Each structure stands twice: as structure tokens, then as C-alpha cells.
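For reference, the structure is listed below as C-alpha cells.
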Amino acid sequence: MNLLKLLGWEVERMTKPYLILITLLVVTQFTWLGVFLWSETNMYEEIRRTGTPDYVLTFGNYIGGVPFILSIGVAVAAMLLYSFWIWYRDFQGRGTFMMRLLLMPQQRMLVFGAKLATMMLMVLGLLSVQWIALKLQYIAFTGWFDSQMIPVSGTFEQAIRFDGALSVMYPASFVNFLIHQVLIVLVILYIFAFVLMERSLWQRTLWAPILAMLILGTLILVPVLTFYFLENRLFMDELMLLILLGLIGWMTAAIWIARRYLTKKLSV
Amino acid sequence: MKRMWNVAALGAVVIIGLGTFAVDMRDTKAEWELAVTSNPEIWEEQTINLYYNTEEGDKERFDLTTDGSRVTTNLSYIEQALAYEDEVDSSVRGFYRQLSGLTFVQSIRTPDGYIGVGQNGNKEIIVFRLNGEDVTKHVFGKDVNGSAEIMDSPWAGLFVHDGNIHVIYRNGYGGNAETKIAKFDEDAKQITMESLELGDEAISTVRGTSWAFRPYMATIAADNRFIPVDMTEQTTVTEGGESYVSEQDKVGVYAYDVDTKQVIELTPDADMWNSTVYDDRLIALQEDGTELVVDLKTGKKSTRQVIDGSVGTTSYVGDQLYHARPTKDGAVIDVYQDGKAISSAVVKATNEEAKALVSNTEYYVD
Amino acid sequence: MIIQFNTRAPVYMQVVDYFKKKMALGELQAGEEMPSRRELATELKINPNTVQKAFKEMEEQQLITTERNRPSRVTTDEHVLKRIRTELVDEAVAVFVESIQELDVTMDELVDKIKRQYGEGNLDDRSTGS
Amino acid sequence: MIEVLGVKKRYRKKQVIEDVSFTAQKGEITCLIGLNGTGKSTILKGIMGLTPFDKGTVLVDGKPIDLNRVAFVPDHSTFPIHFTIEQCEAFMRDFYPTFDPNLFARLVDEFKLFPEDKLNELSKGTLAKVNLALGIAQDPDYLLLDEPFSGIDVFSKEQIVELFSSDIMEDRGVLITTHEIEDIEYLVDKAVMLNRGRIVREFDVEDVRFIHGKSIVDVMREEYGA
């Protein structure tokens, strides 16, 4: 129950900046759509006057546009930064609010859980808004070019699948999508572990951030190196198993470190 | 509880957004059914691959077995792993694991087990043998005479004769590569090379040799006299004052005669486009539905009429010929062995989604 | 009721002395009800435990009596009250003598000054009725 | 009773707390005295689990600390400064089960606070009172206060001192740290003096007055040679 209440507080604190981010994302994309439709139509008309255009437009051209990619980049950067800020904001001043959180007579990991849940809600929220925006953009795209009698090729699914970022964000199988979310969680866990470690060590050593990065860096690097070493000795299914174990290992390690530093080492 | 409104609102957005995404990503519902009309045990572990491409070129593939159809495109990582896992049985894993570390490898399957020849960078050539469970290894280092040359040239394929593994290779890269054969004497740890006088022709591939790991490989006898090969021909072409050498595949059925050490054409105006090397025979299906059969020990040739009427999509698995002819709502697949029809089965689209796909689906058994 | 505490003497003793003076001066009649511990602590802004200790001390010196959870009362025992008066006077005189000794004043001079001082002093006290 | 046993803490190179052990009884006001920067706050924060001790243990009534029974009032606000007092109370009610809204209301009224005020609009004195109110309203058995009087106006100080002698604080254990003892000379039952990371004196204040006729300030002068 406390987790839900904590989640409520965290979500309330991020609502304003989050809404700004989403509006920014949607506005940039739809403006770029407008610009794209307008410029492509003009160009097509011009070529059509002097001959037959030798190219066919696809939805991929739109989502390949720089503004589109930039808007996604900004959203990703915002999420990464907020994963740090969601903790560091509580350490503002002389660790004011963090002190209140740590004094709560309950499991400290509830605070950790609430922040993680908030981050995932934000990420999934962005992915949801983006998917709906994409579908709307596709409708506008095809509708407009049909009305302009300009041929268009390729399906919506194809455009998504061939786009670098979108194929990762929206893989062809929903199970893969869930697995990608697990990877996102993992990234957030490591950011959280870093922050908690840094906040616990900063009073003991000036090298806190570097030390934290070193420890977490090795924790991330070692499995990656073993993977590359084994990669050409194992079969695909064995590799998958190795990756699964690696992920589980990473997750438990991150949670274990976070828990240890949050409950025993954190110093406000 | 005002705060909970924010959470609920965000939750709703997520459910709507990801809900639409999940629905969009739903696997296709097309379902197919395989009804075996005769000789069912042929189909026990046999899978039929159904290729289906939409107008927009979307590829979708199904695996169809006696116990149902399964879509095999857009598999999740887990499904891919599981599909791969039951395709590769454990007996072969050890063998191919050793090969997987090599930079270049070829393997063949003989009655007494798999043989693989691999190259580890330019350091050494290794011959692997899998008989039963254990894998034996013979290393031919850089110091062994001839190994450097072999490692520096493209390989056409392998064959076994008098118990020794042979590698047919093109000596050196570049236009006028000459074809050579290397015999690996594993006990004496020696390699003996011979070159073949083929003029401006060359052996490009040896039938039955697998380039990479393949779950199923046909077994080839270890003492065939004739080794079926593909040939290429080099012609110098001059265009606009410049002349360069171009190489084309030669049509026809060729084999290397181990005794005479010559490459001979087994039969004129036949082709090996759709053929299989199985035990001591080469079987090649011709346009008119007849099968050319060559006894690789004696070189004796014979033909037999197998498919009468138009030839649909065909493929060989071992010495069995699978012939698929599309029908209104699916396809009929006949199986021939030694020229006789030994089994037949019917592929049927069982639901609307599948029926819609029938018009441009191809059926292929491998 | 404001007591100027000094930080060196035990606070509870200063509270006891305060009440002794009040009893001696008759500001607290025999048998009168004492203020409650909580009121006193809040008013004097001192630690309630100290007020508790002061009351215990007064009970030991039989200055007050407390039946079960009823407010304490000043003692009605006359010669206890008289004893308090003489105690206070002796104490005051002792302090006075101690401070005077340093100035080596002859006895006669001293007696004369006290007479004059005390005579007038008395006069003023009575008229203003402190 | 709060027992601090053999506690050690190091900050970077210097050993801030060498070896500290003392007790604070329930129902008594114990004052932890020490010059600035001698680790007083660290000890309080250590007891609350806000800062890990390198060595040593802390027991409250014989058991590890139960945050339901012990409240902490740091010398600075613990809520984001744009919060209103109402929002602070809402947070406390959400996450501190022992928080008693009536007690809080009484304190708000006693301290003459205005719930809709934002923390950043309040003076240092008022802010200290809000902090105190939030702490006391948890109705704890033990209350730890870190420099409650430092840098606040005289009237707020008075209100706070008055509060300590009132019924609200009765039979709660109070542990205060301060380096200005004058304000609470008469409130303290027991003084614990800290010097260079060690407990140098631990005494019942009234006994020392009775036996040695010395005030806490006198003892401080002896110890710290002010």
C-alpha cells in the first residue's frame, strides 16, 4: 500500500516536466510531418512537370527524418537524465527529503520500488504515446499522398521494422518487446545503483562517483567479455541461455548493490 | 488520493498505447493442416516450410508438421531459441562446437560419422572426426608442407577416399586459379597435393559438402570413385579495349574420377540443378520429371520417369524427392524414393486467414 | 510567580526555598492547596522531573502532604511552619554575616546600622503591603 | 532507554567519533553537548540509521531502532521548500502510521502556524517550530532534536522551551544536541559531554548542582576551557 502512495508522490512530482516532454515530442513530430508532406509534394510536382519521377516515397523516409530521430533522442536522453534526477532531487539541500524518506518506518526498498515503477511508467507512457502518434502519422501520410495522387510504397510494419530506433522500440513480437523493457529496467537499475553507491561514498571518499563507476563498470563488463569470448564457441540457443543467465545475474547484482547501499551504507 | 489520479491516467495511456501495439503485433492467425494419405512414418520428423509473400513483399513462413502449423517469422528470442534447440540434437553439438571456433570450415557426413576440416586463421588446419559421441582431432600446423598453400586458397569441398579426407581447392585467388586436391594423411600427419590439368576450367563446389553447420546432412559413402562436382569456365572478355577474365558456371553433370584423376562429364545435356548425393548415388531431377541416377562407384548411369505432368516445387531430403503441387486450398505433396512414389500428403488451409494466403504460398521441404 | 533561578544551585532546591519563603510570609496559608506539578513546570519553564523532585523534597521535609492523587496541601502543623520561619531567618542572617565579615565592622557600628536600617525597612514594608 | 554502545565513525581521513557510549532514559531530557563539528549531529543521525556507524550498536528499549517509536528533528527542514505545511502534514499522514493529526493541530495552534504557508516563506524560527511539530506529532516514545535552538529568534526559542516543560513532552525520552546550553539549562535532566570524538562527561545535572554547585556551563568551561 505504501508503495502505491509513494508512487503517487513520485508521479505527482514528475507530472509537469513529463507532460512538457510529451507535448514537445508530439509537436516536433507533427510539425516535421507537415514540413515533410509539404516539401515532398512540391518536389514531386516539379519533377512530374519535367518527366516521370524515378523514386517512390515510403513512410520510412518520414521517420528517417532528422527531426523525428531527434525527438526520440531527446525523449531517451530525458528518461536517462530523470533516472538520475529522480534520486538526486531528494538529496538537494542537506539531503532534506531523502532524510524524510529514510525515516519512514517501513522497508527502504519501497522507496526504490516506487522510483523504479515511476521510471517504467514514464518510459511505457512515452512508448504508448509514440505508437499512437506513429499510427496517426501513417494515416495522415497515406491519406495526404493519395489525395495528391503521389504513389507510395511499403507498409507501416515494414517502415517500423527497417528503422533503426523504431525496430528496437517496437520489435515484431510482443514478447521481444517485453524483453526489451526488461533491458530498460536493467539500465535504470544500474543508474539507481550508481546513484545510491555515489551518495553513500561521497562522505567517505572524494572519488565516490569514479569508484561507483569503476565497480559497476566491471560488473557490466565482465559478463560482456565472457559473452564475446564464448560467442563463437556456443550455439545460438546456448547463447540465448547465456544471455538469459547474464541478465538475471545483472539484475540480481544491481538490486543487491542498491539494497545494500540504500539500507546499510547511505549517509544523508 | 488526488495523487492517484495522475497514476491512473498515466496507467490508462500505457494500457491503450501498448494495447494497440500488442494487437498490431499479433501473430497471424493463419492455420494449416497436414493430412498424410499414405505411409505416415515418413512424415514423423519431417517439416514442411511454407513461404508466403504478400503483395507488399512481407515474408511470412510457417513450419507445418503432422501435429500442426507454427508461424516461424517474427519469433521472439525465446521461440527462436527453442526452435533452434529441437532442430539440433545433442549428438552433433559437441562436434560442431569444436568447429565453430574456426575461421573457415567445411564438413561432410559419412556412414561412420561426420568429418570436418577447418582452418584456424592462417595458423593451422584441423581435421575433426565424430564417430558416435567422441570427437578426434588432428592438427596440421603451418610447418606441415602444403598447409600454408591450402590455407591461402578457396576450398571447393571435401571427399573421402581410402579412409583419407581430401580437400579440393583452387590454388591461390585471382583469375587463373588452378584446381588442386590435397590428401590429408592423419596418421602420418602429412598432406600430399596434386594439381589437375583442367585448362581454363575449374572445380567450384563439391556436391554434398556443407559450408556451415547444418542440422541435417545426407550421408555419403566413403569410397565412391566418382565425386560429383560443379564446374566453372573462364573466358576472357574484351570490352571497349579492355579485356578481363570472367567466370561462369558450366551446365551439365560432372564428377571427379578418383582413379583416372580426371574430371569427366557424366551425361551430356542434363543438369544437376536439383540433385542430391546420397550414399553411393547421385540423383538429379531433370526438367521433364525424369531422374538421372549415377552409381558413384562404377559410374553407371540410368534414368527413370518419376514425375509425370508438370513439375511443381521439388526438393531432395537424403534420397527422397518431395514434390509439391499447389491445389485450390493448399497443396499435395508426393514423396518418391528410388523412382517409386512411397507417400503422399495433403496440405490444407484450415481457416480464413490461411485460405487468403493460399494464392501465393510456396511449399518446400528441406 | 517568577523565580530568578541561579544555575549553580539545584533547581529543585530553589523551588523548595521559594515555597518555604511563601509559607513563612504567610502567602501560602496552612492547609492551602499547592499548584499542580504540570502548571508549575509550565509556568516556571523548568523540567517537570525537577518539579516532581521539588515536591518529593517538600514532602520529606513535611512541608506539604499529598493523599493519593489529590492535589498536595501545605502542612497544617504549626511548629513546622514556625521552624521554616526560623530556618529562613537564620539562613538570611548567615548569608548577611558572611558578606559583612569581610568589611571588619565593629559590633556596635553593626548593631546601630541594623537598628536604623531595619527600623525604616520595617516601616516601608508594612505600608506598601508587598 | 536509548543505548549507544562503542560507536565509531570516520569521515575521510579523520576519525570523527572515536568510541562513544552513553544512554538516554525514557521520560528524561538528555542533552548531548559538544563544540561545533565534534560529531553531535552524526551521532544522532547514526542512531536514526541515517548515517552508518563504522562500529558499535544502538539499542532502543533493548531492540534495534523502530522508526515508529523514535522521531528525529534535524536542524533543517526535511521537505522540499516549495511544500506547504499542509502538504508536509499530508505526507506525514501517508507514511508515518503513528502520526497524530490532533496533536499536530494542537502544536500548529500553539506555535501559531498557518497551514497554507509555504516552507520557503517562513522564518528560520518558524521553520524550526514546523519541524518540531512534525516530529512531536509522530507521538514517539523518543524524540531526537539536532540543535533545535541554533540561530532562531528569542520568541520561538521561548515557545519551544515552554513546550518542553509542558504535558506534551511528558514521559517521552528526549535527546537534544546543542552547543548553546544557556537556553535549556533548567530543562535538562542529564548532560553528556563530547570532546574530540569521545564522551568526557556524563552526569545528572541536578546532582552536579547539588554536590559541586556547578552549572552545566561551568562544567563545559572546565572541559572545553572556553
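The model shown is predicted, which means the values in this text are computed figures rather than measured ones. Order of the sequence lines fixes the chain letters, A, B, ..., with proteins taken first and strands second; residue numbering starts at 1 for each chain. Side-chain atoms are counted along with the backbone in the values below, which use heavy atoms only and exclude waters and symmetry mates.
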Requested in this report: Decide if atom NZ of A:Lys265 counts as having more than 12 heavy atoms of other residues, nucleotides or ligands within a radius under 6.0 Å.
Outcome: no
Query - Min side-chain heavy-atom separation D:Phe95-A:Arg100 under 4.5 Å - result: no
Report task. Please assess D:Phe83 against A:Trp9 for the test ring-ring contact (aromatic ring centres under 6.0 Å, His included), listing each intermediate value before the final yes or no. Result -> CA-CA 12 Å; D:Phe83 269 37; A:Trp9 277 89; 5.7 Å; yes
Requested in this report: Could you check which of A:Leu266, A:Leu102, A:Thr205 has the highest count of heavy-atom pairs closer than 4.5 Å to chain D?
Outcome: A:Leu266
Query raised in the report: Got a second to check how far A:Leu103's CG is from D:Leu144's CG, nearest 0.5 Å?
Result: 10.0 Å
Query - Derivation and outcome, side-chain contact (heavy atoms from CB on, under 4.5 Å), residues A:Lys5 and D:Phe91 - result: CA-CA 9 Å; A:Lys5 282 193 227 159; D:Phe91 186 89; over 6 Å; no
Requested in this report: For each of A:Arg89, A:Arg13, A:Met104, tally heavy-atom pairs with chain D at distances under 4.5 Å, and name the one with the top tally.
Outcome: A:Met104
**Report entry** Within 6.0 Å of CZ in D:Arg198, more than 12 heavy atoms from elsewhere
**Finding:** yes
Query - Value rounded to 0.5 Å, distance of CD in D:Gln87 from CD in A:Glu12 - result: 6.5 Å
Query raised in the report: For chain A, which residues from residues 47-71 of chain D have at least one heavy atom closer than 4.5 Å to it?
Result: D:Met48, D:Gly49, D:Leu50, D:Thr51, D:Pro52, D:Asp54, D:Leu67, D:Asn68
Query raised in the report: Where on A:Leu110 is there a heavy atom nearer than 4.5 Å to chain D: the side chain, the backbone, both, or neither?
Result: neither
Query raised in the report: Is the count of non-hydrogen atoms from other residues, nucleotides or ligands lying under 6.0 Å from A:Arg259 atom CZ greater than 12?
Result: no
